[in-house]
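Before any comments, here is the structure.
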Amino acid sequence: MSEQDVTGNNFLRGIIRKDIEEGRLSGSLVTRFPPEPNGFLHIGHAKSICLNFGLAEHFGGQCHLRFDDTNPAKEEQAYIDAIQEDIQWLGYQWAGPVRYASDYFDTLYDYAVALINAGKAYVCELSAEQAREYRGTLTEPGRNSPFRERSPEENLAEFEAMRNGEYEEGAKVLRAKIDMSAPNINLRDPIIYRIRKQTHHQTGDKWCIYPTYDFTHGQSDAIEGITHSICTLEFEDHRPLYEWFIENLPVPAEPKQYEFARLNINYTVTSKRKLKALVDENIVAGWDDPRMPTIAGMRRRGFTPAALRHFCEMVGVARSEGIVDMAMLEHAIRDDLDKNAPRAMCVMDPLKLVIHNYPQGQVEQLGAPGHPNRDDLGERQLPFTREVYIERDDFREEANKKFKRLVLGKKVRLRNAYVLLAEQVVKDEQGNIVEVHCSYDPDTLGADPSDGVKPKGVIHWVSASEGRRATVRIYDRLFNHASPDRGGEDFLEHVNPDSLSVVEDCWIEPGLANCAPESRFQFERTGYFVADRYEHSAEQPVFNRTIALRDSWGKAEA
RNA sequence: UGGGGUGUCGCCAAGCGGCAAGGCACUGGGUUUUGAUCUCAGCAUUCGUAGGUUCGAAUCCUACCACCCCAGCCA
């Protein structure tokens, strides 16, 4: 077992290992990832994807992609397309074709008929409201429906009439006949087919009755030969029902359901309903807005598939519910990008430096490493000129010795370039610093000053004449509350009003403008950035900040 | 007051009767042309609580407490 296997170990691997050892697995392991196409996939789904595909990979089995499309009212083809793209972007490929629960509607219908013939299902005409009443409560048993004892013949005719569109939506349903006094409410004659006069994105108008999740999921698993059907904890109460159908229907296999705790992360929400609300209320620009915890959003934000996979591994798989610290996700992406992102320089709040002893008009190409400790990332050329921009925040007229940047009368090193001495400050009538006049030491390229005094600080810069303009979008957490969806309050009240700030007048080193969309960089001393997937161009460069660099100084200052 | 779950460091999470892994966060030292990275060190005498069994318990038993899920013709 490799080291990665050890960290990726979890109770499900233990169960499967045991199933293999004790001969319960006739063939190989088959899992499935079963999204409903009613929204984009989010980080919580990423955990499930990594788990299901990861398990299959680990045990040499396979993982299917099956859309759980039993509710045409909420589903769309656009989501189906986006979901497939997300899974593949994460680095996984499902075995065989894309599958749909709707592929099995005919079989499911036959199963329903079989249940009716066995006297284990009946058509019920109770209204939704009546059905709720008859169901009882958590503490009181339910009562039998007055339609419970219809004959199989009558039920068959009724069910067929339902299928033929002879009844209105809600008029009748097909129910499994189990036990109205079961302490588990899911067993109180659950509804297994309902009338929905809706066009389905896969089956068109072939059906006007659709099976419910409970009647669909386990049977679909059985049809596909899924061996381990892994879902989240809230389906635990459905397991007895899942098993009941498997036992009472002529299914070709006996899959087993296992549950794990879903992923929660603080300062965000992981619920399709809430994410959809953010989109519908125009709080974000869409499902793939870089602030969204969707896979597409994180991709646009600059996350890498590897970071997401590593994060899922770090978080682990267990049955106890918790809330993972956003810092863990941030660590995962910083860790990847630090190792792999080429370095570059970008000044976001420019202050002009005039180096009076540097020749006017001269442009000198300085070589700089693409990465401080990865020669394979090559070298880039930085044009150096008499006037350069630095961050306004990197200059002070006076400061204590803890300030390791440019101070009037003191020296600082320009990253990958020369050591500079700040000699004079030029201000406007309001007293704002307009520019700083400096002198440079020509002997300090790749060398310490001859006086042996090494400058304390190193700051980034961009040539004023050779640099390029760029737009940078700074993203912050979408919510300013650790648990935005806790309590009765409306989670939208906790949206961070400053989650996005657009900085138009940034200066980037010239070579950066030509990068391809989705190229990732570390802007030195600042953070990790990605060229926007859709809006970046060489003419108008646009970068999204994925995540800031860790900043112990900023922390100490605050 | 029904049923199903879960409780191990600030946050995840191993552990399955023999003397509490790891990661994140945090704190302190070192290296550094990124206040980054890297690196070294520190960080649960204690495992929801209370009893009990045992030479020995986070691991077994009992009771209690807390939190989560279930009353969609959603998944």
Side-chain angles (χ1 to χ4, degrees), chain A residues 6-7 9-10 14 34-36 38 68-71 73-74 124 126-128 131-133 135-142 169-175 182-188 190-196 210 212-214 216-217 231-240 259 261 263 266 272-273 313-332 334-335 338-339 343 345 368 372-373 402-405 412-417 419 444 446-448 454-460 522-527 548-557:
Chain A
V6 174
T7 58
N9 212 0
N10 59 56
E36 183 188 13
N38 64 345
D68 223 336
D69 56 349
T70 56
N71 187 356
K74 292 185 174 178
C124 180
L126 251 24
S127 69
R132 195 181 321 125
E133 267 172 50
R135 193 152 33 226
T137 68
L138 295 179
T139 49
E140 304 157 27
E169 280 192 20
K172 308 194 179 189
V173 295
L174 182 68
R175 294 227 247 168
N184 180 341
I185 292 179
N186 293 123
L187 263 16
R188 318 240 262 230
I191 288 159
I192 61 180
Y193 261 95
R194 71 288 211 203
I195 299 167
R196 280 277 179 287
Y210 293 93
T212 57
Y213 163 84
D214 284 312
T216 307
H217 204 93
C231 61
T232 44
L233 251 23
E234 66 268 29
F235 291 100
E236 197 160 13
D237 290 342
H238 293 245
R239 194 171 61 220
E259 312 85 18
L263 173 65
N266 58 16
K272 268 197 263 189
R273 203 205 101 236
E313 207 165 78
M314 281 198 290
V315 157
V317 179
R319 285 176 61 88
S320 61
E321 288 186 72
I323 302 173
V324 171
D325 197 326
M326 176 69 88
M328 224 192 272
L329 219 205
E330 296 179 343
H331 167 81
R334 282 197 186 104
D335 191 48
D338 172 63
K339 289 181 178 70
R343 308 287 123 124
M345 292 196 284
N373 32 40
K402 284 170 98 174
F403 186 75
K404 307 195 328 189
R405 312 182 196 179
V412 78
R413 172 174 291 281
L414 253 27
R415 176 75 168 160
N416 296 127
V419 170
T444 52
D448 288 337
K454 198 170 172 174
K456 267 270 184 299
V458 178
I459 61 175
H460 60 280
Q522 182 197 97
F523 288 173
E524 290 190 283
R525 302 211 311 130
T526 307
L549 244 38
R550 277 187 64 199
D551 181 15
S552 53
W553 161 254
K555 247 174 225 167
E557 275 258 290

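Throughout, a chain's letter reflects where its sequence line sits, starting with A, and its residues are numbered from 1. The analysis underlying the following values was restricted to heavy atoms, covering all of them including side chains, and did not include hydrogens, waters or symmetry mates.
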Quick one: label A:Pro372 by what it contacts on the DNA or RNA (base, sugar-phosphate, nothing), any heavy atom closer than 4.0 Å.
-> base
Hey, does A:Lys402 reach any base, or is it just sugar-phosphate, or nothing, if we go heavy atoms under 4.0 Å?
-> base
Classify the nucleic acid contact of A:Arg188 as base, sugar-phosphate or nothing, counting any heavy atom under 4.0 Å across all strands shown.
-> nothing
Rounded to whole Å, the CD1-C1' distance (A:Ile459 to B:A36) equals 16 Å
Using a 4.0 Å heavy-atom cut-off across all strands, classify A:Gly142 as base, sugar-phosphate, or nothing.
-> nothing
Do A:Arg334 and B:U37 have a side chain to base donor-acceptor pair shorter than 3.5 Å?
-> no
OP1 or OP2 of B:A13 less than 4.0 angstrom from a side-chain nitrogen or oxygen of A:Ser320, does that happen here?
-> yes
Would you say A:Val324 and A:Leu329 make side-chain contact, with heavy atoms under 4.5 Å?
-> no
Output yes when at least one side-chain N/O atom of A:Arg343 is less than 4.0 Å from OP1 or OP2 of B:U34, else no.
-> no
Name the nucleic acid region contacted by A:Leu126, choosing base, sugar-phosphate or nothing; use a 4.0 angstrom heavy-atom cut-off, strictly under.
-> base
Does B:C26 have a Watson-Crick or wobble partner in any strand here, with both distances under 3.5 angstrom, and which is it?
-> B:G42
When syn is taken as a glycosidic angle within 90 degrees of 0, is B:G30 syn or anti?
-> anti
Can you check whether any acceptor in the base of B:G3 is under 3.5 Å from a donor in the side chain of A:Asp237, or vice versa?
-> yes
Is the shortest side-chain N/O distance from A:Arg194 to OP1 or OP2 of B:A75 below 4.0 Å?
-> yes
Is_stacked (A:Tyr213, B:A75) at 5.5 Å, 30 deg | no
Indicate the ring-plane relationship of A:Tyr213 and A:His238, choosing parallel, tilted or perpendicular according to the 30° and 60° boundaries.
-> perpendicular
Report which part of the nucleic acid A:Thr70 touches: base, sugar-phosphate, or nothing (heavy-atom distance under 4.0 Å, all strands).
-> sugar-phosphate
